[in-house]
Amino acid sequence: MELLRPADVGALLAALRSGAVPLGGGAGLMSAAFADAWGRITADLGGLGLDRAVDGRVGAMVPLSRMAASCAGRPAIAQAVAATGHPGVRRLITVGGVLGARSPRADLPVALAASGATVSVLDAADGTVRELSPLDLWTLPGPFAVLSVDLGPAAPGVYRRFTGHQTIAPSLVSVAAVRRPDGGITVCVGAGLPRPRLVEPDRLPGPDELLDDGEASAGYRHRIMRLLVAEACEALTTGPAGLPSGPQRAAAPLGDGPTCAGPRADGPTCAAPGTDVVVDGTARPVPDGSRPTDSLAWWLRDHGHRAVKVGCEEGTCGACTVSLNGEPVPSCLVPVARLRAGDRVDTAATLADRPAGRAVIGALAEAAAVQCGFCTPGVLVSCGSWMDRHGGLPADEDDIRDLLAGHLCRCGGLAAAAHVLRGVCPADTETDADAAAIPDADADADTDTATGADDRREVTA
Ligand SMILES: Cc1cc2nc3c(=O)[nH]c(=O)nc-3n(C[C@H](O)[C@H](O)[C@H](O)COP(=O)(O)OP(=O)(O)OC[C@H]3O[C@@H](n4cnc5c(N)ncnc54)[C@H](O)[C@@H]3O)c2cc1C
Ligand code: FES
Ligand code: FES
């Protein structure tokens with residue numbers, strides 16, 4: 001396995017031509033790593049300055065959580081972003097990774113296509129950089145790299161998806177409708193087709209064109225698609241222009257992005273640039289990149305940070321959540337090769353020693369909302385990171401549920417947790433400082449010491 005770090009577009013072109021696959025966030029790559037889906041050579045795009053979002057133009061390396069400002073006036077795109085995965089995944093996956101994966105079930109390309117967005121692509125076949133419709137990506141024959149996306153003009157629009165699960169399962173059918181300057185409506189449908197497609201609202205693909213699989217029949221998808229298109233067009237025609245309508249809950253806020261959000265008194269600080277990564281306050285040499293498919297989760301556990309639990313290893317369960325430069329992320333989806341000198345990683349072990357962590361643990365313990373405790377460290381990190389930015393947890397139970405959306409509790413305790421965590425503030429439990437401890441982190445450290453790489457699949461949620 002070779003990891004290339006091209007510094008300019010010319011070097012990227014050479015990397016693509018040598019067979020390297022681009023590395024965006026790593027969510028798709030890491031969850032596929034065990035199926036041997038990584039290329040032998042991987043090109044980390046992190047050095048190309050593609051992580052900026054300015055005036056409706058978004059670099060390929062921008063994570064979805066950081067698109068909010070660029071989406072202003074483009075509600076269809078904003079809603080598609082908010083519908084993608086859960087908050088922890090949105091902090092990881094990048095605009096380029098979502099487009100580059102060319103998944104027929106991805107949310108963002110559907111909204112981009114309806115919005116008239118264009119994608120700047122380096123095509124290794126002819127060596128040129130071209131502006132394409134997002135839909136053209138599906139027809140590119142050879143390797144390519146998305147460089148940036150122009151989101152198109154601001155316009156009223158809506159995005160609707162239908163899925164078996166609100167936050168995690170991919171869409172069965174998705175629809176974006178955007179009003180054009182001439183008053184017409186551009187509609188793009190996705191998820192039910194092998195690739196997204198622009199359609200006339202009164203000429204939708206028939207059941208014979210739609211996917212028919214174990215998740216839904218083509219006929220069912222067809223009926224849902226008709227309903228979603230009708231509802232989206234009606235919302236644009238009769239509802240407040242471009243505002244979400246219908247039974248769905250309003251999209252959750254997109255978050256502040258990966259930069260350290262101004263530390264609170266007891267919060268994490270952005271690590272000073274140096275030669276090390278700082279994990280729970282301990283400096284560790286930056287991994288040398290020789291094993292890029294190793295995940296941050298296992299790297300942490302291999303270095304003794306056993307408060308990090310590993311469950312699904314595909315970004316779904318949230319057990320492995322750590323704070324990376326102040327942002328909670330599922331560490332199983334962070335390629336360890338993406339760590340940079342100066343990065344700061346905090347696990348639940350550190351958070352448990354801070355007032356924010358003590359407040360969360362106290363509330364959970366008091367309500368007996370913890371059973372086996374496997375999910376608790378991840379929940380603690382998500383709550384602690386939120387408190388660092390906002391002072392206390394949201395008072396609204398639905399907002400807490402959004403906060404916990406990336407966490408699964410196999411003991412079923414998160415409903416109780418969402419209830420008791422409402423409005424919890426570090427100041428509430430300051431006097432309880434001595435009583436706090438993570439339920440099982442230390443015990444797990446002991447029992448896991450003998451756990452080798454071969455045992456990893458047995459540590460499941
Ligand atoms: C738990 C979970 C839930 C998810 N839910 C949703 C969802 O609801 N809706 C949805 O749309 N998606 C969802 N996804 C899928 C996610 O959008 C894709 O996995 C996405 O590709 C990840 O982006 P990344 O930046 O992590 O890309 P990577 O993992 O780095 O790359 C994914 C693919 O894109 C290629 N690639 C990366 N960057 C570029 C680039 N700049 N140019 C060209 N190719 C590139 C890679 O070579 C690879 O083939 C979910 C993923 C997870 C793990
Ligand atoms: S989300 Fe990482 S182990 Fe489940
Ligand atoms: S308490 Fe057991 S997984 Fe949540």
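Numbering of ligands and ligand atoms starts at 1, following listing order. Here the structure is a predicted model, which means the values were calculated and not measured.
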Near atom 2 (Fe) of ligand 3, protein N/O/S count under 2.8 Å comes to 2
Provide the tally of protein N/O/S atoms nearer than 2.8 Å to atom 2 (Fe) of ligand 2. 2
For L108 and ligand 1, answer yes if some heavy atom of the residue is under 4.0 Å from a ligand atom, otherwise no. no
D107-ligand 1 polar pair, N/O distance under 3.5 Å: yes
Under a heavy-atom criterion of less than 4.0 Å, does R102 contact ligand 1? no
Return yes when atom CG of D55 has more than 12 non-hydrogen atoms of other residues, nucleotides or ligands closer than 6.0 Å, and no otherwise. no
What pairs of residues pass the salt bridge (Lys or Arg N to Asp or Glu O under 4.0 Å) test when at least one of them lies in residues 138-150, not counting sequence neighbours? R57-D150
Donor + acceptor pair across side chains of S323, D346 (<3.5 Å): no
Please identify which atoms of ligand 1 are closer than 4.0 Å to at least one heavy atom of G28. 19 (O), 22 (C), 26 (O), 29 (O)
Atom indices of ligand 1 within 4.0 angstrom of G315 heavy atoms, with elements: 1 (C)
What residues form a side chain to side chain donor-acceptor pair (under 3.5 Å) with E209, not counting sequence neighbours? R197
Polar contact flag for A27 and ligand 1 (N/O pairs, less than 3.5 Å): yes
Which ligand 1 atoms, with their elements, are less than 4.0 angstrom from a heavy-atom of A106? 10 (C), 11 (O)
For atom 27 (O) of ligand 1, which of the options P22, S103, G97 provides the nearest non-hydrogen atom? G97
At less than 4.0 angstrom from any non-hydrogen atom of E314, what atoms of ligand 1 do you find? 1 (C), 53 (C)
Counting heavy atoms only, which of T94, V81, I93 is nearest atom 17 (O) of ligand 1? I93
Could you tell me whether G26 and ligand 1 have an N or O pair separated by under 3.5 Å? yes
Sub-4.5 Å side-chain heavy-atom contact between P205 and V199: yes
Check each atom of ligand 1 against the heavy atoms of F144 and keep those under 4.0 Å away; list them by number with element. 43 (C)
Please list, in number order, the atoms of ligand 1 under 4.0 Å from a heavy atom of L45. 40 (C), 41 (N)
Side chain, backbone, both or neither: which applies to R161 and ligand 1 if a contact is any heavy-atom pair less than 4.0 Å apart? side chain
Examine the side chains of D123 and T128 and answer whether a donor and an acceptor come within less than 3.5 Å of each other. no
Do H305 and R284 meet the criterion of a side-chain donor-acceptor pair at a distance under 3.5 Å? yes
Answer yes or no: does an N/O atom from G85 fall short of 3.5 Å to an N/O atom of ligand 1? yes
Within less than 4.0 angstrom of ligand 1, does S31 place any heavy atom? no
Please determine if L333 has a nitrogen or oxygen closer than 3.5 Å to a nitrogen or oxygen of ligand 1. no
Would you say G24 has any N or O atom under 3.5 Å from an N or O of ligand 1, going by distance alone? yes
For atom 44 (N) of ligand 1, which of A145, A60, G100 has the closest heavy atom? G100
So which of V119, L29, V110, L50 gets nearest to atom 48 (C) of ligand 1, if we judge by its closest heavy atom? L29
Can you check whether V89 has an N/O within less than 3.5 Å of an N/O in ligand 1? no
Side-chain heavy atoms of R5 within contact of L45, under 4.5 Å: no
Who's closest to atom 33 (C) of ligand 1 heavy-atom-wise, of A101, A20, P143, A43? A101
